[in-house]
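Within every chain, numbering begins at 1; the chains are lettered A, B, ... in the order of the sequence lines, protein sequences first and strands thereafter.
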2 protein chains.
Amino acid sequence: MSGTRIPEATVARLPVYLRALNSMSESGTTTCSSLELATAAGVNSAKLRKDLSHLGSYGTRGVGYDVEYLRYQISREIGLTQDWPVVVVGIGNLGHALANYSGFSSRGFRTVALLDADTARHGDVVAGIEIRGFDELEAVVAEHGVGIGVIATPAVAAQDVADRMVAVGIRSILNFAPTILSLPEGVDVRRVDLSSELQILAYHEQRKSSAPATVAEVVADLGQPVGGVR
Amino acid sequence: MSGTRIPEATVARLPVYLRALNSMSESGTTTCSSLELATAAGVNSAKLRKDLSHLGSYGTRGVGYDVEYLRYQISREIGLTQDWPVVVVGIGNLGHALANYSGFSSRGFRTVALLDADTARHGDVVAGIEIRGFDELEAVVAEHGVGIGVIATPAVAAQDVADRMVAVGIRSILNFAPTILSLPEGVDVRRVDLSSELQILAYHEQRKSSAPATVAEVVADLGQPVGGVR
DNA sequence: TAGATTGTTAATCGATTAACAATC
DNA sequence: TAGATTGTTAATCGATTAACAATC
């Protein structure tokens, strides 16, 4: 299985499985079935097994999965057994939150620098790291071999920051600024858009409030066919 | 078209189109083609037209789309022409960032309360709103008719906060805590997981670094068939 | 062995894309 | 009218799901 391309939808769920396994491990669970892990991760067990089958055969029929072993295998597949130096640009409230966020400093990821264009912030220490000028980006990337950049600047600055990141060799960007970046092929960008998430919730909330207009919609809402309805 | 169920993938992209239209509007653009809007939104034009076709026929053949009109139609479809009172629970660095984030206070959404279990924070004013106790959740929800709750607490508190939100009538939750919530049917949860996003980037970054193993992978990376390659 | 549970198959479902007729 | 561009069709692609043979 190793070397096979893993479907994007599966890749996006691996971190969720990993999180569920971590919490099982913390609570002392040594073995779990696909149903237990799937429930903890909020998916159905068929999907979980299908997803895991893309990584290899790491379970035991009739028994289930060894929590530690599966945890290791998923970590390895994602690449968390390596060290990923990360640079965060834009140290406002969000940047502070990111710097302090355990997920960023935890196993696998290491925040090597916090950069901000505002000289008034330089020298401030956040999460044990001193804030430096944005003009030190190139030196930081070269020194630590940074491949992943996080943008937490205001929207107006984001494209410039991204362009500069790409110019100094960063090829993966996590963008929190509410703007759509335009970047060359080969650069991977993921956008975390707080307002989009709210808007998607609002759309569904709106649908809940208004009464469904047709029998077809009621049936669709129930999620299963209703016998005898014409 | 109105009343038709809109595919989830389309719903998730409507906020992106809206953002692109907003920035066109700001820069004085009054009309755009599907290709222009698609480029600004980072999708291809066929997908954009297909998506918009689920809302209705708001363009003019041979001409394109009226920016303001399309902006209004998408806003209406999402439900942004209504007022959505929102409560944020957990006012640490992330909660601060959210409270100050323009996307949360902008058109459509209105932060009506900031709640925190830590009494030391009570009375602090963030983004013009005074932080109150978590025990005031029920009163706040009842008073303002809150339907959407945002969780920005530490992971350990998130499930309790979510249970309480559901108990007082909230049916849509945006969860920033790094934990998987277990909630009853009918409650809509969206999770924003910073560490998942980093992990997904790491997976792809890893793939970039290691040399592709087969010609098939090289061809797949190029994203198009390569003439003459055997 | 009998019971349990995985890994895989195959069918279904939904999303994407290219192409083009409709039409401004 | 001629040129441009939408909205829709149909084909393709990828993801989900149920069912079950393999096997511990």
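- Taking only side-chain atoms of A:K47, from C-beta outward, the nucleotide of D:dG7, D:dT17, C:dT17 with the closest atom is D:dT17.
- A:R61 contributes no side-chain N or O that forms a donor-acceptor pair with the base of D:dT23 under 3.5 Å.
- Residues A:D193 and B:R19 are paired through a salt bridge, judged by an N-O separation under 4.0 Å between the basic side chain and the carboxylate.
- Note on A:A9: only backbone sugar-phosphate atoms sit closer than 4.0 angstrom, heavy atoms only; bases stay farther off.
- A:Y17 places its OH atom 13 Å from the P atom of C:dT6, with the value rounded to the nearest Å.
- Taking atom CG on A:N44 and atom C1' on D:dA15, their separation rounds to 12 Å, with Å as the unit.
- Pair assignment for D:dA19: C:dT8, on the basis of Watson-Crick or G-U wobble contacts that are both within less than 3.5 Å.
- For the pair A:R5 CZ and D:dG14 C1', the interatomic distance rounds to 14 Å; values are reported in whole Å.
- Across D:dT17, D:dA10, C:dA22, the shortest atom-to-atom separation from the side chain of B:K50 is found for D:dA10.
- Two residues, A:T60 and A:R13, neighbour DNA chain D, and the one matched to the more 5' nucleotide by heavy-atom proximity is A:R13.
- Protein atom CD of B:E36 is 12 Å distant from nucleotide atom C1' of D:dA4, rounded to whole Å.
- Across all their heavy atoms, A:A177 and A:T153 have their closest contact at CB-O, 3.5 Å.
- Atom CG of B:D51 is separated from atom P of D:dT6 by 14 Å (rounded to the nearest Å).
- Remark: A:Y65 is in phosphate contact with C:dG7, judged by side-chain N or O atoms under 4.0 Å from OP1 or OP2.
- Which of D:dA22, C:dT16, D:dT8 sits closest to the side chain of B:S53 comes down to D:dT8.
- Between B:R171 and B:D188 there is no salt bridge, since no side-chain nitrogen of the basic residue lies less than 4.0 Å from a carboxylate oxygen of the acidic one.
- Following rounding to the nearest Å, A:H54 (NE2) and D:dA15 (P) show an atom-to-atom distance of 8 Å.
- To the nearest 0.5 Å, the span separating CZ on B:F176 from CD1 on B:I151 amounts to 10.5 Å.
- In this model, the phosphate group of D:dT6 is approached by a side-chain N or O of B:S34 to a distance below 4.0 Å at OP1 or OP2.
- For B:A46, the listed nucleotide lying nearest its side chain is C:dT17; candidates were C:dT6, D:dG7, C:dT17.
- If you look at A:Y65 and A:Y58, their ring centroids are not closer than 6.0 Å.
- Going from atom CZ of A:R49 over to atom C1' of D:dC20 covers 10 Å, rounded to whole Å.
- Taking atom CG of residue B:L35 and atom P of nucleotide C:dT17, one finds them 14 Å apart after rounding to whole Å.
- Judged by closest nucleotide on DNA chain D, A:E8 is the one of A:G62 and A:E8 placed further toward the 5' end.
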